[in-house]
Amino acid sequence: MTDAAAVPSRALDAGAVPSRVLDAGALDRATVDAAIRGRRTHKVYGREPVDRETLDELFELARWAPNHHLTEPWRFRVVGRESLAALKEAGGPADGDKLDRAPTLVAATVVQTGPVDQRLEDICAASAAIYIVLLAAHARGLAGYWRTPAVLGSKGGRAALGIGEDEISLGLIHLGPLRQEQKPPARRETAALVSYLD
């Protein structure tokens, strides 16, 4: 086990946690397991928007997503009144009601640069960052939903949110106060999804 005193100070910068802290039980496995199993997709919310301080906490956690070459390709845009109105106009009546479900909407995109393999890795990294936002929101008692509405890929939708030509939209994160409990959906057994190879 590594002694914290033996870890170079640069390794402890930017919120890094020495392994001995984790080994000592500061990271409670049962709590992490419960958070992962307990997170749900919600489509009904309270009307109070998520405050900026909480959003900043979620985005700060998202930057710790696993990311090859540290390209940090994820981008989050918190949708305001004007951008929401523009997004509704771009989507038309079909999207309007769904865009009003949650009091806080966050558009998530990934910047695409480099060769094809890096672009795929960056999409995976940005998806992990989105999951961190959802899981951290759940840990704070918030409801969440990761949607991929077609309007985000449209010319009008991209313009409404200022999504650049070098970005791919990965979805719209709905966040807000929890209003109702959701039952866990049926999931396949692990054995149906996992292979142990010789």
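Computation of the quantities below employed the complete heavy-atom set of this structure, encompassing side-chain atoms and omitting hydrogens, waters and symmetry-equivalent molecules.
A 6.0 Å sphere centred on CZ of Arg52 holds no more than 12 heavy atoms belonging to other residues, nucleotides or ligands.
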Quick one: side chains of residues 39-46, donor-acceptor pairs under 3.5 Å with protein atoms, not counting sequence neighbours, listed by atom name and distance.
residue	atom	partner	partner atom	Å
Arg40	NE	Gln182	O	3.3
Arg40	NH1	Arg37	O	2.7
Arg40	NH2	Arg37	O	3.3
Tyr45	OH	His42	O	2.6

Would you be so kind as to tabulate the donor-acceptor pairs closer than 3.5 Å made by side chains of residues 105-116, with sequence neighbours excluded?
residue	atom	partner	partner atom	Å
Thr109	OG1	Arg77	NH1	3.3
Thr109	OG1	Glu167	OE1	2.5
Gln112	NE2	Arg119	O	3.3
Thr113	OG1	Gln118	NE2	3.3

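Between the side chain of Asn67 and the main chain of Ala125, no donor-acceptor pair closer than 3.5 Å is present. Side-chain N or O atoms of Arg63 include none that pairs as donor or acceptor with a backbone N or O of Phe59 at under 3.5 Å.
Atom-to-atom distance recorded for Ile132:CD1 and Leu61:CG is 7.5 Å, nearest 0.5 angstrom. How far OG of Ser154 is from CG of Leu87: 7.5 Å, rounded to the nearest 0.5 Å. To the nearest 0.5 Å, atoms NE2 (His138) and CG (Leu175) are separated by 13.0 Å.
What you find for Arg158 and Glu165 is that their closest heavy atoms are NH2-CA, 3.9 Å. When all heavy atoms of Pro177 and Pro103 are compared, the closest pair comes out as CD-CG, 3.9 Å. For the residue pair Val133 and Leu58, the shortest heavy atom distance occurs at CG2-O, 4.0 Å. In this structure, Leu170 and Ala126 approach most closely via the heavy-atom pair CD1-CB, 3.5 Å. The shortest non-hydrogen separation linking Leu152 to Leu161 is CD2-CD1, 3.5 Å. When all heavy atoms of Leu178 and Gly141 are compared, the closest pair comes out as CB-O, 3.6 Å.
Hydrophobic clustering of Ile, Leu, Val, Met, Phe, Trp and Tyr side chains at less than 4.5 Å, counting indirect connections, keeps Tyr131 apart from Ile173. One hydrophobic cluster, built from ILVMFWY side chains closer than 4.5 Å, holds both Leu135 and Val32. Hydrophobic cluster membership is shared by Ile163 and Val79, with clusters built from Ile, Leu, Val, Met, Phe, Trp and Tyr side chains linked at under 4.5 angstrom. By the rule that hydrophobic residues join a cluster once side-chain heavy atoms approach within less than 4.5 Å of another member, Leu134 and Ile123 end up as members of one cluster.
Glu89 pairs by the side chain to side chain donor-acceptor pair (under 3.5 Å) definition with nothing, not counting sequence neighbours. Every residue was checked against the side-chain contact (heavy atoms from CB on, under 4.5 Å) condition with Ala34, not counting sequence neighbours, and none meets it. Residues meeting the side chain to side chain donor-acceptor pair (under 3.5 Å) test with Asp33, sequence neighbours left out: none. Every residue two or more places apart in sequence or in another chain that forms a side-chain contact (heavy atoms from CB on, under 4.5 Å) with Ala129 is listed here: Ala62, Ala65, Trp74, Phe76. Partners of Asp100 according to the side chain to side chain donor-acceptor pair (under 3.5 Å) rule, which considers only residues two or more places apart in sequence or in another chain, are Lys88. Under the rule for a side chain to side chain donor-acceptor pair (under 3.5 Å), Lys98 has no partner lying at least two apart in sequence or in another chain. Take Asp51 and apply the side-chain contact (heavy atoms from CB on, under 4.5 Å) test, not counting sequence neighbours, and it matches Glu53, Thr54. Checked against side-chain contact (heavy atoms from CB on, under 4.5 Å), Ala150 has no partners two or more places apart in sequence or in another chain.
Applying the ring pair (Phe, Tyr, Trp, His ring centres under 6.0 Å) definition to pairs two or more places apart or across chains, none involves residues 179-198. Applying the side-chain hydrogen bond (donor to acceptor under 3.5 Å, both in side chains) test to every pair with at least one member in residues 143-152, sequence neighbours left out, gives no pairs at all.
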